[in-house]
Amino acid sequence: MHEFKYVNNNLYCEKVKIEDLARKFGTPLYVYSYHTLIDHYMKLKNAFDSVDTLICYSVKANSNISILKALVDKGAGLDIVSGGELFRALKAGCPAERIVYASVGKTDREIEEAIRRGILSFNVESLPELENINRISKKLGKTARVAIRINPDVEAKTHKFITTGKITNKFGIDLDSAYKILLLRNNFGNVKVVGLHIHIGSQIAESEPFVAAIKKIADFIGHLQRIGIGLEYFNIGGGLGIIYNRETPQTAQKYAKKILPILKKLNLKIILEPGRFIVGNSGILVTKVLYIKSTPKKKFIIVDAGMNDLIRPALYEAYHNILPLSEPAGRNELADVVGPICESGDFFAKERRLPLLRGGDHLAIMGAGAYGFSMSSNYNSRCRAQEVMVVGDRVFVIRKREAYGDLVRNEEIPMFLLGL
Ligand code: LLP
């Protein structure tokens, strides 16, 4: 469910007509519904009410500090993967003790900053990383809290680029090696192993892969508990799928119902790291039709957003529903919706049935809240889009449109090229 709906043939975000936003702020424009965002967070929170849970929203899905603050204010923690995301998390007012930090390639500088800030824990992805965290925390005279990220070697049944829990993926540590590390944990005097972590992939529609992975780790935790290795929490990662097209993903309630019986036996705090589930359907990308181009074989609708604004179709052939801002009557036709970028991969839809459109019409690319703006770039020297948040009938700019000056801000022309 989301709050983008037609009222009298016009698409609205909450109580605001999106056409008015497109005219006022220009396009491409990301529009987020605050209530849809919070609603999804609350759905998950309520589904896990019966256990001690911390929902650490995955910052990479959408890292705008207003989105982060909206969630943090409701009690969410944050899942980060870089020093930049730590910076954002703190700027959004997230208490350090609600931050978990994953990534196979944390640098010394990033580790040091996170230890100094006192984050809840690192999700450690290899033995050399654990040794490094131990070394750095010793230097700082601290004890770093860590969770071992385990690669459970399960099939997530999703796109191969977003599968992370197979043993051939770069993520996490296999069970045997994790066991050895846990037995030797006292050798690492400046780290405390407080949990285990898994994350098997993204856009997973069924609960079965989650159940398989969680069962595997639950058995392992059971064994650890029997031999006296106690933990504080089990971080079950993110990955919940959402509806882009005709998917029928599990609801938060169904997900919880399947896995809670396994988790409850462990008597541990549970951490979740959802990104897409919370923010995916709370954002859209609004774009303007520039030209309609008919070739002998095809019809192209050329719009002013490009793969630099939303790369998911180009990268994963991902499906995003595309809706006109004014609900059309009458005929429709098959067309490709493409951007202005100099690559054939620059498309949003192929052979899609759309109403007859004209230059100047606006379209909404739906389900663009997650991995939309956060994966955008300046490719083709295009300024990144503006972002606005709608709250009922109020509209707030949460990121200004970039200007040409922003494109070259950090560039310098060396003296020799200036003839000096
Ligand atoms: N935790 C970890 C350790 C992760 O690596 C990820 C996502 C998440 C949580 C959040 O996953 P979510 O709940 O959003 O599925 N760019 C791709 C998705 C990449 C996901 C990367 N990791 C896309 O646009 O589909």
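Everything quoted here is computed from the prediction, not taken from an experiment. Excluded from the calculations below are hydrogen atoms, water molecules and symmetry mates; all remaining heavy atoms, backbone and side chain alike, are included. In this chain, residues are counted from 1 in sequence order. For ligands, and for the atoms within them, numbers begin at 1 and follow the listed sequence.
- Every atom of ligand 1 is numbered from 1 in the order shown, and the set under 4.0 Å from a heavy atom of Gly239 is 11 (O), 12 (P), 13 (O), 15 (O).
- Listed by number with element, the atoms of ligand 1 under 4.0 angstrom from any heavy atom of Met375 are 16 (N).
- A donor-acceptor pair under 3.5 Å is formed between the side chain of Glu14 and the backbone N or O of Gly392.
- From the protein, the heavy atom lying nearest to atom 21 (C) of ligand 1 is Lys60 CD, 3.9 Å.
- Residues Ile221 and Phe234 meet the side-chain proximity criterion, which asks for heavy atoms closer than 4.5 Å.
- Put simply, the residue from Ile67, Leu272, Leu44 that forms a side chain to side chain contact (heavy atoms under 4.5 Å, CB included) with Tyr57 is Ile67.
- Ser202 OG, 2.4 Å is the protein heavy atom nearest to atom 15 (O) of ligand 1.
- Distances below 4.0 Å separate heavy atoms of Gly238 from the following atoms of ligand 1: 9 (C), 13 (O).
- Residues Arg98 and Cys56 are not in side-chain contact: their nearest non-hydrogen atoms beyond the backbone lie 4.5 Å or more apart.
- Of the protein's non-hydrogen atoms, Tyr371 OH, 2.6 Å is the one closest to atom 14 (O) of ligand 1.
- In terms of protein heavy atoms, atom 24 (O) of ligand 1 is closest to Arg312 NE, 2.6 Å.
- Close contacts between ligand 1 and Gly275 involve ligand atoms 12 (P), 13 (O), 14 (O) [criterion: under 4.0 Å to a heavy atom].
- Only the side chain of Asp79 comes within 4.0 Å of ligand 1, counting heavy atoms alone; its backbone N, CA, C and O stay farther away.
- Relative to the six-membered ring of Phe220, Lys216 misses at least one condition, a distance below 6.0 Å or an angle of at most 45° to the axis.
- Between Glu273 and ligand 1, at least one N/O pair is under 3.5 Å apart.
- Using a non-hydrogen distance threshold of 4.0 Å, Tyr316 registers as a contact of ligand 1.
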Mind running ring-ring contact (aromatic ring centres under 6.0 Å, His included) on Tyr244 and His320 for me, showing each step along the way? CA-CA 6 Å; Tyr244 286 104; His320 284 263; 5.2 Å; yes
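- Nearest protein neighbour of atom 19 (C) of ligand 1, counting heavy atoms only, is Ile162 CG2, 3.7 Å.
- Two residues are said to be in side-chain contact when any heavy atoms from C-beta on lie closer than 4.5 Å; Glu333 and Leu354 fail this criterion.
- In summary, the atoms of ligand 1 found under 4.0 Å from a heavy atom of Arg149, numbered by their order in the structure, are 3 (C).
- A salt bridge does not link Arg109 to Glu113: none of the charged side-chain nitrogens sits closer than 4.0 Å to a carboxylate oxygen.
- Look at Pro274 and you'll find a heavy atom under 4.0 Å from some atom of ligand 1.
- The environment of Lys69 atom NZ is sparse: at most 12 non-hydrogen atoms of other residues, nucleotides or ligands sit within 6.0 angstrom.
- Comparing Arg276, His197, His199 against atom 5 (O) of ligand 1, the shortest heavy-atom distance belongs to His199.
- Atom NZ of Lys288 has 12 or fewer neighbouring heavy atoms from other residues, nucleotides or ligands inside a 6.0 Å radius.
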